[in-house]
2 protein chains.
Amino acid sequence: MTPTQELTKNQSLVFNALSRADGPLSAYTILDQLRDEGFRAPLQVYRALDKLLDYGMIHRLESINAFVACAHPHSHSHSHGMIAFAICEKCGQVSEFSDDVITGRVREWTTSNGFKQSKTTIEIRGVCANCGAA
Amino acid sequence: MTPTQELTKNQSLVFNALSRADGPLSAYTILDQLRDEGFRAPLQVYRALDKLLDYGMIHRLESINAFVACAHPHSHSHSHGMIAFAICEKCGQVSEFSDDVITGRVREWTTSNGFKQSKTTIEIRGVCANCGAA
DNA sequence: TTTCGTTATGTGATATTATTACATTAGTCA
DNA sequence: TGACTAATGTAATAATATCACATAACGAAA
């Protein structure tokens with residue numbers, strides 16, 4: 001896990017933008033937030049996002065084309081398991097959890113089918129408890 | 001499950017294109033394949049795709065922005081469970097399976113967190129047995 | 001410290017995916 | 001018929017992501 005201090009300028013700016021946000025941000029939203037810091041092109045954002053994904057500091061939510069800071073940056077509980085995301089379609093809040101049973105079942109399938117998995121996406125769309133209460 | 005016969009002209013064209021294909025297709029690939037049939041605009045494809053998704057005849061693969069015909073159209077084995085997809089990044093082949101244990105664990109999480117799920121995506125990216133053997 | 005290779009950055013153009021807005025046509029059914 | 005709904009056609013545009021190429025910053029090794 002690469003600590004924040006080793007990030008480059010652009011990587012830090014993008015990571016801080018995601019950390020400040022209370023939900024996922026699109027690449028272009030990040031770009032707009034960082035115009036004042038000198039950002040001018042999408043690639044500046046995408047390149048930083050790629051590195052932050054490499055470092056495991058952020059996640060990409062495939063089903064909504066957006067990015068979030070990792071909710072458990074200092075925990076290794078996720079390091080051996082797949083991470084699932086519950087995404088509220090009302091408020092945008094994202095909950096992150098990992099489940100060893102799910103991880104195990106997926107591994108069983110891949111192993112018995114000779115499939116070498118590189119990345120697994122589990123995203124639950126719906127309405128969170130807060131928004132559902134209304 | 002709406003049978004093919006009840007599909008409109010555009011829906012049939014799109015569904016047949018996906019059925020013919022041996023892997024997922026992007027909306028614009030479908031559009032190109034259907035130019036000879038009179039398709040001229042993306043919306044003709046997207047509208048048909050939306051309906052076919054409604055009818056459960058096709059799936060959308062969120063992680064690669066593509067669509068596939070449902071692999072088990074005549075089976076109800078999936079109707080109560082989540083469907084997982086294993087997507088080969090070499091050859092593009094997609095395997096579809098459902099797992100009651102995974103479905104159960106996801107439901108446990110959502111129930112105990114008061115989260116009302118509407119759609120769940122499980123996509124495994126990697127290399128299939130055939131391609132890995134090379 | 002200079003040189004070289006690597007990594008990061010800046011910028012414009014372009015590719016890819018998806019939606020909005022509005023007009024028209026085709027069925028359905030009271 | 002008339003009125004309603006679903007489906008279609010078309011142009012324009014929005015949103016997301018990458019390519020190509022130039023420049024700068026950095027680190028290791030001579």
Side-chain angles (χ1 to χ4, degrees), chain A residues 2-18 21 23-55 57-68 87 89 92 119 121 123 125, chain B residues 2-18 21 23-55 57-68 87 89 92 119 121 123 125:
Chain A
T2 304
T4 303
Q5 291 78 12
E6 295 183 12
L7 297 178
T8 66
K9 181 174 162 244
N10 285 2
Q11 288 161 16
S12 297
L13 286 167
V14 169
F15 182 68
N16 290 338
L18 283 172
L25 300 179
S26 77
Y28 280 77
T29 301
I30 296 171
L31 174 57
D32 286 341
Q33 290 190 5
L34 296 179
R35 296 236 183 241
D36 292 344
E37 319 288 340
F39 272 46
R40 319 191 103 243
L43 210 48
Q44 295 175 295
V45 176
Y46 282 109
R47 285 201 277 228
L49 289 171
D50 281 347
K51 286 296 181 183
L52 295 169
L53 287 168
D54 274 354
Y55 300 155
M57 299 176 67
I58 66 172
H59 302 290
R60 177 196 178 86
L61 302 176
E62 313 270 10
S63 66
I64 57 173
N65 297 316
F67 303 83
V68 279
I87 305 167
E89 288 174 327
K119 199 211 169 195
T121 297
E123 295 178 18
R125 312 282 301 273
Chain B
T2 302
T4 304
Q5 290 78 12
E6 294 184 13
L7 296 178
T8 67
K9 181 176 163 241
N10 285 2
Q11 288 160 17
S12 297
L13 286 167
V14 169
F15 182 68
N16 290 338
L18 284 172
L25 300 179
S26 77
Y28 280 76
T29 300
I30 297 171
L31 175 57
D32 286 340
Q33 290 191 4
L34 296 180
R35 296 238 184 239
D36 291 344
E37 317 288 337
F39 272 46
R40 320 195 97 238
L43 208 49
Q44 295 175 294
V45 177
Y46 282 109
R47 285 201 277 228
L49 289 171
D50 282 346
K51 286 295 181 183
L52 295 170
L53 286 168
D54 274 353
Y55 300 155
M57 297 175 67
I58 66 171
H59 303 290
R60 178 197 177 86
L61 302 175
E62 313 270 9
S63 67
I64 57 172
N65 296 317
F67 303 84
V68 278
I87 305 167
E89 290 173 326
K119 200 212 169 194
T121 296
E123 295 178 17
R125 311 282 300 274

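Just so it is clear: chains get the letters A, B, ... in the order the sequence lines come, proteins before strands, and each one is counted from 1. Computed from a predicted structure; not experimentally measured. Worth knowing before you read on, the calculation uses all heavy atoms, side chains too, and leaves out hydrogens, waters and symmetry mates.
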Student: Counting only non-hydrogen atoms, which of residues 37-45 of chain B are less than 4.0 Å from DNA chain D?
Tutor: B:R40, B:A41, B:L43, B:Q44

Student: Quick check for you: name the first and last nucleotides of DNA chain D, 5' to 3', having an atom under 4.0 Å from a heavy atom of chain B.
Tutor: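 Result: D:dA7 to D:dT10.
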
Student: List the atom pairs, donor and acceptor, that lie under 3.5 Å between side-chain atoms in residues 39-49 of chain A and the rest of the protein, sequence neighbours left out.
Tutor:
residue, atom, partner, partner atom, Å
A:Q44, OE1, A:R40, N, 2.6
A:Q44, OE1, A:A41, N, 2.9

Student: Minimum heavy-atom separation for A:P24 to A:A66, with atom names?
Tutor: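 Looks like CB-CB, 3.8 Å.
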
Student: Tell me which residues in residues 46-53 of chain B lie within less than 4.0 Å of DNA chain C, going by non-hydrogen atoms.
Tutor: B:Y46

Student: Scan B:L61, B:L25, B:L53 and name whichever one has a side chain to side chain contact (heavy atoms under 4.5 Å, CB included) with B:F67.
Tutor: B:L53

Student: Sort and list the pairs that fulfil salt bridge (Lys or Arg N to Asp or Glu O under 4.0 Å) and have at least one residue in residues 25-38 of chain B, not counting sequence neighbours.
Tutor: B:D32-B:R35

Student: How long is the straight-line distance from CG of B:L18 back to CG of B:L13, given to the nearest 0.5 Å?
Tutor: 11.5 Å

Student: From A:N10 CG over to A:F15 CZ, what is the distance, rounded to the nearest 0.5 angstrom?
Tutor: 15.0 Å

Student: Nearest 0.5 angstrom please: A:K119 NZ to B:I87 CD1, how far?
Tutor: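 Result: 11.0 Å between the selected atoms.
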
Student: So A:R60 and A:V68, do their side chains get closer than 4.5 Å, heavy atoms only?
Tutor: no

Student: With side chains defined as the heavy atoms from C-beta onward, is the minimum distance between B:Y55 and B:L7 less than 4.5 Å?
Tutor: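 B:Y55 vs B:L7: side chains touch.
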
Student: Please check: side-chain N/O of B:E89 versus main-chain N/O of B:R125, any donor-acceptor pairing under 3.5 Å?
Tutor: no

Student: Working note: A:T8 + A:K51, criterion side-chain contact (heavy atoms from CB on, under 4.5 Å); need CA distance, chi angles, decisive distance, verdict.
Tutor: CA-CA 10 Å; A:T8 66; A:K51 286 296 181 183; over 6 Å; no

Student: Need two values: the first and the last nucleotide of DNA chain C, 5' to 3', having an atom under 4.0 Å from any heavy-atom of chain A.
Tutor: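 The contact span of chain A on DNA chain C goes from C:dA8 to C:dT11.
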
Student: If you take all heavy atoms of A:Q33 and A:A17, which pair is closest and at what distance?
Tutor: OE1-CB, 3.9 Å

